[in-house]
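To start, the structure itself, in structure tokens.
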Amino acid sequence: MKIATWNVNSLRARADRVEAFLERHDIDVLAIQETKCRDENFPWELFERAGYEVVHNGTSQWNGVAIASRVGLSDVQRGFPGQPHFGKGGVDPQEESRAIGATVGAEAADGVAPVRLWSLYVPNGRGLENEHMGYKLEWLRVLQEHAAARLAEDPDTRLALTGDWNIAPQDEDVWDIELFQREGYTHVSPPERAAFRAFEDAGLVDVVRPRHPGPGVYTYWDYTGLAFPKKKGMRIDFQLCSPALARTVTDAWIDREERKGKGASDHAPVVVELG
DNA sequence: ATGGTCGCACGGCGA
């Protein structure tokens with residue numbers, strides 16, 4: 001079973017690319033971030049045509065997460081328990097469309113057991129002193145508690161937290177760490193990295209890094225300033241797997257080719273294969 | 001080349 005996660009930066013703008021990606025790599029399950037649409041604008045027919053069930057959490061033109069599967073899709077959760085809300089200046093806090101969970105793989109033809117999968121779009125943080133940063137850290141804290149509790153109640157759980165984490169956990173995960181530290185950039189700050197490490201401390205495993213160690217291995221390149229050809233990228237998209245699931249991973253990789261050419265998302269898909 | 005990159009509510013904001 002092949003599971004991919006991909007921040008598509010608008011599903012409608014990327015519809016042809018998404019369809020071609022699913023076919024090219026024979027993807028069974030796709031966790032999508034930044035659909036950038038509400039349900040009424042969601043391209044349902046794309047997935048129907050391609051033979052996938054799909055579920056979506058999209059409440060505005062921002063954010064939006066989805067899971068598409070051709071091997072079963074059940075027990076959908078829109079948002080995780082206690083997911084923090086955000087309102088500018090604390091006014092009218094809303095739950096943003098940044099998380100959707102579902103069980104996939106119950107109908108896997110290869111006999112692979114079901115997986116509890118989350119498609120996550122972690123808040124950006126925007127600046128070290130910005131109110132979005134506190135929101136980001138709290139959002140991650142509650143998500144980590146949820147994942148750790150699931151692992152504690154069932155150490156054999158097959159859980160995957162996938163998506164755009166908006167954190168570069170290691171110095172080698174950005175093209176110039178000295179620049180990032182000098183300028184006080186987000187994504188590399190100690191509190192953000194501690195928030196990410198807490199997931200690893202709970203037992204979740206980045207199954208891609210051991211197979212594709214850095215430096216220079218990225219999942220995101222800014223649209224501006226020719227960042228992609230200049231190799232100025234960041235590794236911020238991850239598939240974190242519970243120990244029981246990580247043990248069954250047979251391959252994992254980043255589809256850097258997908259970042260090439262006209263009409264690419266600024267993120268590359270991250271693919272994991274389970275045996 | 002006085003810009004520079006995309007996406008979304010068409011235009012200022014988010015990344």
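As a basis for the values below, the full set of heavy atoms in this structure was taken, side chains included, without hydrogen atoms, waters or symmetry mates. None of the values given here were measured: they were computed from a predicted structure. Every chain is numbered from 1 and lettered A, B, ... according to where its sequence line falls, protein lines coming before strand lines.
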Quiz item: Using the benzene-type ring in the case of Trp, are the ring centres of A/His187 and A/Phe180 under 6.0 Å apart?
Solution: no
Exercise. Report the distance from atom NZ of A/Lys262 to atom C1' of B/dC6, rounded to the nearest whole Å.
Key: 11 Å
Self-check item: Pairs touching residues 252-275 of chain A that satisfy ring-ring contact (aromatic ring centres under 6.0 Å, His included), sequence neighbours left out
Solution: A/His25-A/Trp253, A/Tyr220-A/His267
Polar atoms only, N or O, under 3.5 Å: list the protein pairs with nucleotides 2-4 of chain B and their distances.
none

Quiz prompt | Interatomic distance where CD belongs to A/Gln33 and C1' belongs to B/dG7 [whole Å] | solution = 16 Å
Quiz prompt | Distance, rounded to the nearest Å, where A/His267 contributes NE2 and B/dG7 contributes C1' | solution = 12 Å
Practice problem: Starting from P on B/dT5, measure out to CG on A/Leu226 and report it in whole angstrom. | Solution: 8 Å
Quiz item: What orientation do A/Trp118 and A/His146 show, parallel under 30°, tilted 30 to 60°, or perpendicular over 60°?
Solution: perpendicular
Exercise. Take atom CG of A/Asn41 and atom P of B/dC8, then tell me their distance rounded to the nearest Å.
Key: 10 Å
Quiz prompt | Value in whole Å for how far the P atom of B/dC6 lies from CG of A/Leu11 | solution = 19 Å
Exercise. Round to the nearest Å and state the distance from A/Asn7 atom CG to B/dC6 atom P.
Key: 15 Å
Exercise. Identify the residue among A/Trp175, A/Trp221, A/Tyr218 that makes a ring-ring contact (aromatic ring centres under 6.0 Å, His included) with A/Phe228.
Key: A/Trp221
Quiz item: Distance check: side-chain N/O of A/Arg38 vs OP1/OP2 of B/dC8, anything under 4.0 Å?
Solution: no
Quiz item: Expressed in whole Å, how much space separates the C1' atoms belonging to B/dT2 and B/dC10?
Solution: 25 Å
Quiz item: Taking the side chain of A/Arg98 as its heavy atoms from C-beta onward, which of B/dC8, B/dT5, B/dA15 lies nearest to it?
Solution: B/dA15
Quiz item: What is the distance from CD of A/Glu34 to P of B/dC8, rounded to the nearest Å?
Solution: 11 Å
Quiz item: Using a distance-only test with no angle check, is there a side-chain donor-acceptor pair under 3.5 angstrom linking A/Asp75 and A/Gln77?
Solution: no
Practice problem: Please tell me which of A/Lys88 and A/Arg14 maps to the more 5' nucleotide of DNA chain B, matching each residue to the nucleotide holding its nearest heavy atom. | Solution: A/Arg14
Quiz item: With under 30° as parallel and over 60° as perpendicular, where do the rings of A/Phe199 and A/Phe196 fit, or are they tilted in between?
Solution: tilted
Practice problem: Could you tell me whether A/Tyr220 contacts a base, only the sugar-phosphate backbone, or nothing, with contacts defined as non-hydrogen atoms closer than 4.0 Å? | Solution: nothing
Exercise. Determine the interplanar angle of the A/Tyr52 and A/Phe47 rings, folded into 0 to 90°, and report it as parallel if under 30°, tilted if 30 to 60°, perpendicular if over 60°.
Key: perpendicular
Exercise. Check whether any side-chain N or O of A/Arg126 sits under 4.0 Å from OP1 or OP2 of B/dA15, and answer yes or no.
Key: yes
Quiz item: C1' atom, B/dT5 versus B/dG11: distance in rounded Å?
Solution: 16 Å
